[in-house]
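For reference, the structure is listed below as structure tokens.
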Amino acid sequence: MSHEGNDKIIDNERDNRIDLSKKMVFAATEMGIEVVQEIAAETLKRKPGMSVKEFTKVLDQYIEKQRELVNNSTSI
């Protein structure tokens, strides 16, 4: 049989973890959007009028380059 005080503590801890997870997801999303905005600004300076399809390729290349950097830094 559970104790009402313990249930409240457990519920509060769960709620705190959920809130922290939501904040982390929001922060990561916000940071990701900021990175895309920076890439878009730089890309459009170099190639004004770029299509969405071309820009998507630029983003794919960026992701691949970042993946390589991460893989190279963790393999040392």
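Positions are given from 1, in the same order as the sequence printed here. Heavy-atom basis, side chains included; hydrogens, waters and symmetry copies ignored. Just so it is clear, the structure is predicted and the values come from calculations on it, not from any experiment.
- Between Leu59 and Ile63, the closest side-chain pair of non-hydrogen atoms is not below 4.5 Å.
- With rounding to the nearest 0.5 Å, the separation of NZ in Lys23 from CD1 in Ile18 is 13.0 Å.
- Rounding to the nearest 0.5 angstrom, the gap separating the CD1 atom in Ile39 from the CG atom in Leu44 is 11.5 Å.
- Rounded to the nearest 0.5 Å, atoms CG (Asn12) and CZ (Arg17) are 11.0 Å apart.
- A salt bridge does not link Lys57 to Glu54: none of the charged side-chain nitrogens sits closer than 4.0 Å to a carboxylate oxygen.
- Using a 4.0 Å cut-off between charged nitrogen and carboxylate oxygen, Arg67 and Glu64 count as a salt-bridge pair.
- Within the 4.5 Å cutoff, the side chain of Lys47 has no heavy atoms near those of the Val58 side chain.
- Salt bridge present: Arg14 and Asp11 bring a charged side-chain N and a carboxylate O closer than 4.0 Å.
- Counting heavy atoms from C-beta outward, Phe55 and Asp60 have side chains that stay 4.5 Å or more apart.
- When atom types are taken as modelled, the side chain of Glu13 and the backbone of Ile10 share no donor-acceptor pair closer than 3.5 angstrom.
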